[in-house]
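Below, chains carry the letters A, B, ... as their sequence lines are ordered, and counting in each starts from 1.
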There are 2 protein chains.
Amino acid sequence: MANSSVARVGRDAISETLGREIVDGAHRPGAVLTLESLQQRFGISRTVARDSVKVLESHGLLYSKRRIGLVVTAAEHWDVMSPAVIGWRLASADARGAFIELTQLRIAVETEAAALAAARRTEVQAHQMLDLAATMRRLGESEQLEEFIAADIAFHRLMLEAGGNSMFAALADVVAEVLTGRTKHGLMPTRPMPEALDAHDGVARAIAGKDPREARRCMEVLVDEVRSALEE
Amino acid sequence: MANSSVARVGRDAISETLGREIVDGAHRPGAVLTLESLQQRFGISRTVARDSVKVLESHGLLYSKRRIGLVVTAAEHWDVMSPAVIGWRLASADARGAFIELTQLRIAVETEAAALAAARRTEVQAHQMLDLAATMRRLGESEQLEEFIAADIAFHRLMLEAGGNSMFAALADVVAEVLTGRTKHGLMPTRPMPEALDAHDGVARAIAGKDPREARRCMEVLVDEVRSALEE
DNA sequence: ACAGAAACAAACATCACACCTTTCATGCTG
DNA sequence: CAGCATGAAAGGTGTGATGTTTGTTTCTGT
């Protein structure tokens, strides 16, 4: 028992490692692994190897076939929306591509989410939105970038949740990731543009005022800026 | 090999059954299962029980804790975008709620997808889009509903794929589900409205003509009809 | 020589059992 | 009453044996 001479890794680390490798393209679609090879490589038992494989399998990264082994699947079969796969893609060589796709998804969803939020928000949420918009303005104008981003994230999360669509709400983490990542990918000015601040204000007001059409319009302004930054 | 006296089920059927039960609310969040109970109930070995649990765990439906058991998680932690969870929700008592959320997601994504497709489509895709739009008109006007829906699905799938965003493409199955389901949920006229046919035509033409703005506008017309049907 | 059937073998699937590890609950002790 | 020690419950991991599927090879009959 005890251990082994081979690289020993923590429990979930194995599906994590394999997931990243597959997403990264280290194993071509159609490539075959075996449980045995995983046991060897990571110094683990069949039980653990099977557990790890199950996770990857349930995200569509591979499937296991008798007498063949573990077959790596092509990207179009992956669960690209699941947080795990998103994480792996963002850690891959094509992080930028993943980031762009996520941004496009965010753009698509947020315009609709703004309208939904305007129709469904509670009183409390309305106040929180207005507060957050004000906070963003304050922090943005005083160039406290880090705090600004935190407020920005809170703003978008709140909006996504206020719409009452759980699938939109589930994107809050993605949006957070994108908002954080913008700085790294050079898609964000060091000082938030006044138009962006105005647009956030507008969105908050429209949502508070239960005006879906206006909320959508303001969000579209916001999103247009993001879109154009994407096309540079 | 033999069998057992207890309800014996196929391999994946167990995570399938449990997934549906959890999504359906048969196990409240915080409720605790044990591997032992699953073994008893399904007449399976620990290995299989663990395998099934791993699947549910990787979709966020539960987590396992030592000395406690398998704790069912609240809906906000579910991987609500993964096909598996979507399937379970659509098979649950709240299928209608899930359907509405999916429709909202579809609405959000498709407007953006239309614009993207207009920017990125290949020549072949352009022709296919125009063809499908024409086919839809023909089938729609002759009230061949089933074939019409098939063409509709193909149209939307093609558009989602043409944009080159894999996350949008992954929604093709969802959209297919929604388009098929519309009839069941009484959100669809037995005869497609002429405006809808025109809008599809418009989208196809705009995409073929590489006009993202127009593609988005036409898609918005389409989507507006869906939205209003949703609000009835 | 070729087609089809039969035997073989590889790899996953499942089972049973033993032991480890974590963590909650209990109860004892100072 | 606080704190610590102890026990037990439940999952986590490891092992070896056996079942099952399926691709490959070999054999046989024509």
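With hydrogens and angles left out, the side chain of B:Arg46 and the base of C:dA16 share no donor-acceptor pair within 3.5 Å. Counting distance only, with no hydrogens placed and no angle test, the side-chain atoms of B:Arg66 and the base atoms of D:dG12 include no donor-acceptor pair under 3.5 Å.
Remark: aromatic rings of B:His156 and B:His200 are close, center separation under 6.0 Å.
Considering only the side chain of A:Thr34, C:dC12 comes nearest among C:dC12, D:dT13, D:dG11. Comparing C:dC12, D:dG7, C:dA13 by their closest approach to the side chain of B:Arg67 singles out D:dG7.
In this structure, B:Glu36 atom CD and C:dC15 atom P are separated by 14 Å, rounded to whole Å. Put simply, CG on A:Asp12 is 10 Å from P on D:dG12, counting in whole angstrom units. As a whole-Å value, the separation of A:Lys54 NZ from C:dT14 C1' is 12 Å. The interatomic distance linking B:Gln39 (CD) with C:dT14 (C1') rounds to 12 Å, in whole Å. A:Lys65 places its NZ atom 8 Å from the P atom of D:dT22, with the value rounded to the nearest Å. Straight-line distance from the CG atom of A:Leu38 to the C1' atom of C:dC12: 12 Å, rounded to whole Å.
Among the atoms of the strands shown, base atoms are found under 4.0 Å from some heavy atom of A:Thr47.
Between A:Arg89 and A:Asp24, no side-chain nitrogen of the basic residue sits less than 4.0 Å from a carboxylate oxygen of the acidic one, so the salt-bridge criterion is not met. Classification of B:Arg138 and B:Glu143 as a salt-bridged pair fails, no side-chain N sitting under 4.0 Å from a carboxylate O.
Defined by atom type and a distance below 3.5 Å, a donor-acceptor pair is present between the side-chain atoms of B:Ser58 and A:Ser58.
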